[in-house]
Amino acid sequence: MPYRESHHRRRAAIRDALDLLIVADLLDIAAAVLAVVFVRALTRMQRLKAAAPPLASTELLLKQLDAGRM
């Protein structure tokens, strides 16, 4: 009987370890997918910003406002 109990404990421990490995692998896959989605979204935002017309400079506006002051 002691052999059977230790054998079952070892098998249960191996099964638990494999379950943990599967969970860790699934988390790695999920992290990789989220990283790809994030990089694609960031690239899209950068392309949209680069394609947008330039914004007016605020320096000229500030100089015009300060010109009338003494």
Side-chain angles (χ1 to χ4, degrees):
M1 278 271 194
Y3 172 76
R4 279 189 171 183
E5 288 177 17
S6 65
H7 181 68
H8 288 296
R9 284 185 193 156
R10 276 187 258 144
R11 285 183 65 145
I14 290 172
R15 222 177 296 123
D16 290 344
L18 289 175
D19 288 344
L20 286 175
L21 283 173
I22 290 170
V23 170
D25 286 344
L26 289 175
L27 286 174
D28 285 344
I29 291 169
V33 168
L34 287 175
V36 168
V37 169
F38 174 77
V39 169
R40 288 178 57 91
L42 187 61
T43 303
R44 186 184 73 245
M45 288 187 284
Q46 288 174 335
R47 286 186 181 159
L48 287 174
K49 185 176 180 182
L55 298 175
S57 175
T58 58
E59 289 180 22
L60 182 60
L61 179 61
L62 290 175
K63 286 180 183 176
Q64 289 174 351
L65 291 174
D66 286 338
R69 295 186 183 175
M70 295 218 150

Residues that, via side-chain heavy atoms closer than 4.5 angstrom, fall in one hydrophobic cluster with Ile14: Leu18, Leu21

Leu42: side chain to side chain contact (heavy atoms under 4.5 Å, CB included) partners, not counting sequence neighbours: Phe38, Met45, Gln46

Counterpart residues, side chain to side chain contact (heavy atoms under 4.5 Å, CB included), relative to Arg9 (two or more places apart): Glu5

Side chain to side chain contact (heavy atoms under 4.5 Å, CB included) partner of Ile22, the single match among Asp25, Leu20, Leu26: Leu26

Test applied, side chain to side chain contact (heavy atoms under 4.5 Å, CB included); reference residue, Val39; option that passes from Val36, Val37, Thr43: Thr43

